[in-house]
Amino acid sequence: MNLMTSQDYCESLREYNPTVYVRGDRVESVADHPQLAPGVNAIGMTYDFARLTEHREYALAEQHTSGRTVNRFVHINRDTEDLLSKLEYVRALCQLTGCAMRYLTMDGLNALYQSTYQIDSTHNTEYSSRLIEQMHRIQDNDLTVGIAMTDAKGDRSLRPNEQPKPDSHVRIVARRPDGIEISGVKAIVTAAPYVHELFVLPGRNMQREDKDFAVACQVPIDAQGLTIIARPAGRPGDAAAQFSSRFGQSTGVCVFENVFVPYDRVYMCGEWEHSEHLTKTYANHHRHTCIGARAGFGDLLIGASAMMIETNGLDMEAEPHLREAMVELIKTVESFYACGVSASVYGKTTDAGNYEPDAVYSNLGKLLLAHSIYDMHRIANSVSGGLIVALPHPEEDHNPDTMDKLDTLMSASADMPPHRRAAVARLIEDLTASHSGAWYSVISVHGGGSPEALKKEIFRNYPIGDKTDLVERLIERGLHKDSPGITPQPGQCCDTGCEPPRQTTLPKRERLH
Ligand SMILES: Cc1cc2nc3c(=O)[nH]c(=O)nc-3n(C[C@H](O)[C@H](O)[C@H](O)COP(=O)(O)OP(=O)(O)OC[C@H]3O[C@@H](n4cnc5c(N)ncnc54)[C@H](O)[C@@H]3O)c2cc1C
């Protein structure tokens with residue numbers, strides 16, 4: 001078991017020399033650049049968290065292909081318990097960091113595990129064994145791998161091969177005896193500057209004419225020909241940003257120019273008919289993960305809103321409209337989280353042997369959070385009052401000319417000292433009304449796929465036919481007569497009929513959050 005600390009992780013980043021630009025400057029060392037520090041801190045947390053004895057039950061897992069204990073974020077899921085532990089682990093980390101990103105590595109590995117198995121089964125290829133070898137290397141070195149899936153896309157009404165600029169989608173530009181060369185632009189890659197490697201995955205279904213765009217592979221972050229043009233992570237250096245000056249994520253545009261990838265890191269090379277399966281499988285795993293992530297963010301909003309009510313001198317138990325607002329917030333967060341739990345319980349073992357969340361529930365949970373993120377912000381804002389965006393900057397906290405004059409503004413509840421009132425107000429601003437707050441809104445809407453993509457998957461996977469059969473049976477035979485006794489639930493549809501939900505024998509578990 002090799003579990004790095006956050007310091008080891010930083011040190012490991014210094015061994016790479018990626019081409020990264022932030023705000024127009026070439027970054028010398030991503031581990032030491034202040035504009036990227038909140039992102040490095042957030043991923044660093046995934047390393048330190050897993051080493052704490054109290055978190056090991058959730059944060060570590062046994063990799064079945066090697067028998068070795070690994071960080072869950074580089075693990076292949078095998079059962080319901082794995083998915084529930086993942087949800088808890090992601091939620092707990094996002095309470096601390098907002099977004100810790102590293103779970104994307106796990107989603108990518110699980111999707112590739114299924115996809116390589118499927119391609120090998122039809123094409124007699126050896127992608128699966130390549131992936132397992134690389135996965136063991138990732139696990140043994142405790143690496144973080146980013147996901148480069150979303151292409152620049154160009155004109156959305158055109159297919160990849162029809163684009164006036166072929167680089168709008170990453171594609172194979174040369175096939176060599178020892179590997180391939182890829183070129184093109186991936187538009188949005190979370191944490192790109194400070195991961196060790198990237199999984200480059202196709203972002204959509206492909207047709208025969210798009211064959212060269214059907215490519216999945218793995219590249220080190222400092223591969224020759226790869227340029228990353230990134231935004232700062234969070235709000236570095238902003239004293240008012242109590243949370244996102246310490247934790248936040250950068251996103252990077254990844255430009256590939258004739259990047260060479262040896263065949264032992266290539267997992268799809270023109271098998272265009274499997275592109276859709278890989279994209280959808282990744283999306284399903286990742287949407288399930290997004291649910292845990294945004295629940296952790298929701299926990300922060302619930303706690304901060306309750307404290308803000310208290311600092312205003314109000315008792316939410318005694319004020320029906322405030323109590324109602326808090327219940328609304330709780331209902332929202334726990335409803336989409338419950339979909340994540342259902343997706344775990346109704347998940348299924350795939351042909352490849354790993355375990356996939358139920359697609360209806362994972363897409364529903366992600367859709368619910370995409371729609372309700374603005375309501376979550378609205379409720380936190382409405383119970384807090386305007387102070388959250390009106391409070392002067394922290395420089396005034398210690399300015400002898402102004403600090404006393406602000407004392408009246410900051411004095412509300414006798415039980416809450418002014419500095420705590422300021423801290424909570426600034427936290428709510430940071431999470432909901434700053435550009436980092438907006439980042440959490442947009443990632444909730446688009447991260448893991450836009451709402452339309454989620455709706456398509458819900459419609460595609462939901463057993464509507466079973467429901468019409470049910471009604472037909474009722475109409476033909478009268479109420480309940482000769483009924484098989486089971487009303488199929490989402491995710492329980494199968495070729496031979498429908499099965500009741502599997503009995504889980506989950507050990508009694510404590511909630512981590
Ligand atoms: C903060 C953040 C982090 C992210 N991190 C990652 C990451 O780490 N890795 C990664 O690969 N991706 C990442 N993404 C990308 C994310 O998956 C995409 O944003 C999402 O899939 C939507 O794609 P898009 O942004 O290109 O929007 P578009 O696809 O352009 O969608 C915009 C709108 O147009 C509609 N639309 C698009 N195409 C069509 C069409 N052909 N016909 C009709 N309507 C259409 C959509 O439904 C949507 O309403 C991240 C996104 C965000 C915001």
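Position 1 is the first residue of the sequence; numbering continues from there. As the structure lists them, so they are numbered: ligands from 1, and atoms in each ligand from 1. Because the structure is a prediction, the values reported are computed rather than measured.
Using bins of under 30°, 30° to 60° and over 60° for the plane-to-plane angle, the ring pair Tyr47/Tyr9 lands in the parallel bin. Ring orientation note: the planes of Tyr16 and His196 are tilted relative to one another, at an angle of 30° to 60°. Between Phe73 and Tyr89, the angle of the ring planes stays under 30°, which puts this pair in the parallel group of the 30/60° scheme.
The presence of a protein heavy atom under 4.0 Å from atom 35 (C) of ligand 1 is ruled out. The protein reaches atom 17 (O) of ligand 1 closely, with a heavy atom under 4.0 angstrom from it. Distance check on atom 50 (C) of ligand 1: some protein heavy atom falls below the 4.0 Å cut-off. The presence of a protein heavy atom under 4.0 Å from atom 23 (O) of ligand 1 is confirmed.
Legend: residues meeting salt bridge (charged side-chain N to carboxylate O under 4.0 Å, His left out) with Lys153, ordered by chain and number and at least two apart, are absent. Scored by the ring-ring contact (aromatic ring centres under 6.0 Å, His included) test, Phe256 finds no partners at all (sequence neighbours excluded).
Short contacts between ligand 1 and Leu104, defined as distances under 4.0 Å to a heavy atom of the residue, involve ligand atoms 8 (O). Near Gly448, meaning under 4.0 Å from any of its heavy atoms, are these atoms of ligand 1: 17 (O). Ligand 1 places these atoms under 4.0 Å from at least one heavy atom of Gly449: 17 (O), 21 (O). Proximity to Trp439 (heavy-atom distance under 4.0 Å) selects the following atoms of ligand 1: 1 (C). Residue Val189 approaches ligand 1 through these ligand atoms, each under 4.0 Å from one of its heavy atoms: 7 (C), 8 (O). Of all the atoms in ligand 1, the ones that sit under 4.0 Å from a non-hydrogen atom of Thr190 are 3 (C), 4 (C), 5 (N), 6 (C), 7 (C), 8 (O).
Nearest non-hydrogen protein atom to atom 33 (C) of ligand 1 is His446 CE1, 4.8 Å. Taking atom 2 (C) of ligand 1 as the reference point, the nearest protein heavy-atom neighbour is Ile443 CG1, 3.6 Å. The protein non-hydrogen atom at the shortest distance from atom 38 (N) of ligand 1 is Arg156 CG, 3.4 Å. Nearest protein heavy-atom contact of atom 31 (O) of ligand 1 is Ser450 OG, 4.0 Å. When only non-hydrogen protein atoms are considered, atom 7 (C) of ligand 1 lies nearest to Ile188 O, 3.2 Å. When hydrogens are left out, the protein atom nearest atom 47 (O) of ligand 1 is Glu452 CB, 3.8 Å; that is the closest non-hydrogen contact. The protein heavy-atom contact nearest to atom 26 (O) of ligand 1 is Lys153 NZ, 2.8 Å. From the protein, the heavy atom lying nearest to atom 9 (N) of ligand 1 is Ile147 O, 2.7 Å.
Within 6.0 Å of OH on Tyr374 lie more than 12 heavy atoms contributed by other residues, nucleotides or ligands. Taking a 6.0 Å sphere around CZ of Arg26, one finds it holds more than 12 heavy atoms contributed by other residues, nucleotides or ligands. By the neighbour-count criterion of 12 heavy atoms within 6.0 Å, atom CD of Glu162 is densely surrounded, having more than that number from other residues, nucleotides or ligands. Annotation for Arg426: atom CZ counts as buried by contact number, over 12 foreign heavy atoms lying within 6.0 Å.
Heavy atoms of Ser157 come nearer than 4.0 angstrom to ligand 1 in no pair at all.
By the 3.5 Å distance cut-off applied to N or O atoms, Gly447 is not counted among the residues near ligand 1.
A cation-pi geometry, defined here as NZ or CZ lying under 6.0 Å from the six-membered ring centre and within 45° of its normal, does not hold between Arg287 and Tyr282. In this structure, Arg91 forms a cation-pi arrangement with Tyr337, its terminal cationic atom sitting closer than 6.0 Å to the ring centre and no more than 45° off the ring axis.
Closest approach of Arg130 and Val266 over heavy atoms only: NH1-O, 2.8 Å. A pairwise comparison of heavy atoms in Arg78 and Tyr355 identifies C-CB, 3.4 Å as the closest pair.
The heavy atom nearest to atom 12 (N) of ligand 1, considering only Asp155, Thr150, Leu198, is found in Thr150.
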